[in-house]
Structure formats: structure tokens, C-alpha cells
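Atoms within each ligand, like the ligands themselves, are counted from 1 in listed order.
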Amino acid sequence: MCARILIALGGNAILKKGQRGEFDEQMRNVRGVCKQIVEIIKMGHEVVITHGNGPQVGNILLQNEIARDQVPQMPLDVCVAESQGMLGYMISQALQNELWRAGIKKPVVSVITRVLVDKNDPEFENPSKPIGRFYSKEEAEELMKLRGWKMKEDSGRGWRRVVPSPRPIAILEGVTVKHLVDMGAIVIAAGGGGIPVVRDVNGELEGVEAVVDKDLASAKLAEVIKADIMLILTDVEKVALNFGKPNQRFLDLMTVEDAIRYYEEGHFPPGSMGPKILAAIEFLRNGGKKVIISSIEKGVEALEGKTGTHIIPEASVSRTIALIGE
Ligand code: ADP
Ligand code: MG
């Protein structure tokens, strides 16, 4: 069966832990991922790709800061846009080459994507998302005073700037992305969670210095393009209960209701697995048929049902049970 699949690539798809991030190194990683994506396309599926941008936007921020006496600094929304351009180019280039090698003729397009957020989102009062490099306490105090940044101590590793991570309300380019997919294009969109924008009192759009979670934005996009499946590829093969503890247990299958219960029990922390599970719940409640969470390396196998954690709407379980009962 051919499905419409949104593939959400985690940060380590492009830059693995411990790598410095030279262009060739990132490109090699991207090529590896694109080989997998082409396998999925060969199965006949329609594909939309979203991706993280943590390390890349961190580097762009650092470049801005180091060069700020010579080149005017750009606000965070512009830096996110730059990272979308850079990664969108790298992914589309690698993907197009892999498709060509496989003898598949399909257009690939990267869409600079904006995400509407609410300017009254509580995150603007209480920012939670650490970005960029670490600073000493003295540097942090200076930056808070001089630049008005909000900064927090990050688990003994030093001080980091924190920015708001408001919930995505709508993907502004969402319907256009759907049209592109309908006409047969492979689309890369909502990179880094999208560029956050708010509507001002006059109804005009304005970028804000914030970041949107890539998994939550992916769920919104998946909904608009009417995706059947959301395939979230990260660096763990399966989702676990009691993750990292002696009684850790990996999950093969859970329903939305299970996911909510485990979430409330605290198995999925904010900033890592938490948003993926929230994204899964939201997508499945809004018409999605399945969410699969697995590692980049196991993407194809997970889609074939051989591994990964599969999350399904409650209704399909009762249907399966009903069928078995007949
Ligand atoms: P990505 O860049 O793909 O979004 P994240 O680091 O944000 O990756 O999230 C994936 C990480 O979540 C895993 O590497 C793992 O360490 C962590 N994690 C937290 N809780 C769980 C859990 N219950 N099961 C599996 N992994 C978990
Ligand atoms: Mg993440």
C-alpha cells in the first residue's frame, strides 16, 4: 500500500555527536539518510521531509557573534531561515543525486517555511529552550545586562541563552506544500521547526526571536498535507519506559491512550522524547493513521514493521480486536 509519509529527521541525521560539522562531513551524513529515503520512495510512497537544525543554527549564531564588530548581527528568526536554506540545499542536492542513481525522475524542492505562533504564548514570558554555545557565569551576567538575553545554567555545563519555544499554530506554507506533494514533488519543509512569526495588532506578520520545536511543527505540517504516517527518525531504535534505568523496557506498539498515560507518568522528558510523543498524539488525534519512532539507520525496517515504536489511534486497536474476535 502506498502512503503519504512525513519523515522528521533528528539533528543527528546531519551532524552526529562528536563531529565538528565540516561541510563534507555533514554532506556525507545527509547522503546516508537520503539513500534510506530513496528506498522509501522506491516502495511507492509520497514523501515530505522535515529536519532539525540545532547544531547548524548554533554555528550561525556563533558566527554572528564573533563577527559582530564587522558585519551587522541578524535576529534569530533570520538565523533559522539561513539554516533552512543551507540544510534544504544540502538535502535536496543529495536526494536528487540518489534519485538519479536509482533512475527515478521526481522534482525535489525545499520550501523556506514560516510558522505562526501566538504572541501571548506563555513561553514568551518564561523561555525554556537553550540555544547556542555555553558561557561562564561572568560572561552570562554581562550578556544579560548588555544584550537583554535571558540565560540559564544548564545542568552544571555552563550558562546558555534561553529563547521562547512557543507552540506552532499554523504552517503558513502548509497548503502550498500539499499542492507540491499532490503534483508529485518531494518536499523539504519546516526545517528547524520553521521560522516563528506572529501577527501584530494590524494583522501584519512579523518574525520573532524564538524557535519552534521541530516535532510539533512536523505534526502540524503532517496534518495539513494529510499525511498517513509520520516517521520520526532520531538516535534511538525504540521508545522506552523508564529510559536509561535498570528496569528500562522498549515499546513496540502503543495506542494514543497508552502514550498519554506514559507521558503523564513522566517517561518522556521535555526537550527530547516529550515533544515527539506530544507530536504523535496531536497527529493521530487529527486524522493521522500511524506514527513510527525509530533511528535514522533503521528507518526502512521500521516502516516495514520490523522495528521501531509504532503508535496508533485507539480506534484501530478496537478494530483489530474486533476482527480477531470474528
Ligand atoms: P532529535 O534531534 O532526533 O530530536 P532528541 O535528542 O531531541 O533527538 O531526542 C531523542 C533522545 O531522547 C534520545 O537520544 C534519548 O536519549 C532521549 N530519550 C528520552 N526519553 C526517552 C525514552 N523514554 N525513550 C527513548 N529515548 C528517550
Ligand atoms: Mg529534539
Report task. Can you run down the side-chain hydrogen bond (donor to acceptor under 3.5 Å, both in side chains) pairs that involve residues 231-244, sequence neighbours left out, and say none if there aren't any? Result -> K17-D235, E237-T307, K238-D252

Requested in this report: Salt-bridge test for E46 and R4: reply yes if a basic N is under 4.0 Å from a carboxylate O, no otherwise.
Outcome: yes

Query raised in the report: Can you list, by chain and residue number, every protein residue with a non-hydrogen atom closer than 4.0 Å to ligand 1?
Result: G10, G11, K214, T234, D235, V236, K238, V239, A240, F243, H267, F268, P269, G271, S272, M273, K276

**Report entry** Which residues share a side chain to side chain contact (heavy atoms under 4.5 Å, CB included) with S128, sequence neighbours left out
**Finding:** E123, S165

Query raised in the report: Do E209 and K150 meet the salt-bridge criterion of a basic N to acidic O distance under 4.0 Å?
Result: no

Query - Parallel, tilted or perpendicular, as decided by the 30° and 60° cut-offs, for the rings of F268 and Y262 - result: perpendicular

Side chains of residues 61-68: which donor-acceptor partners sit under 3.5 Å, not counting sequence neighbours?
unit_1, atom_1, unit_2, atom_2, d
N64, OD1, M74, N, 2.8
N64, ND2, I60, O, 3.0
E65, OE1, Y135, OH, 2.7
E65, OE2, Y135, OH, 2.9

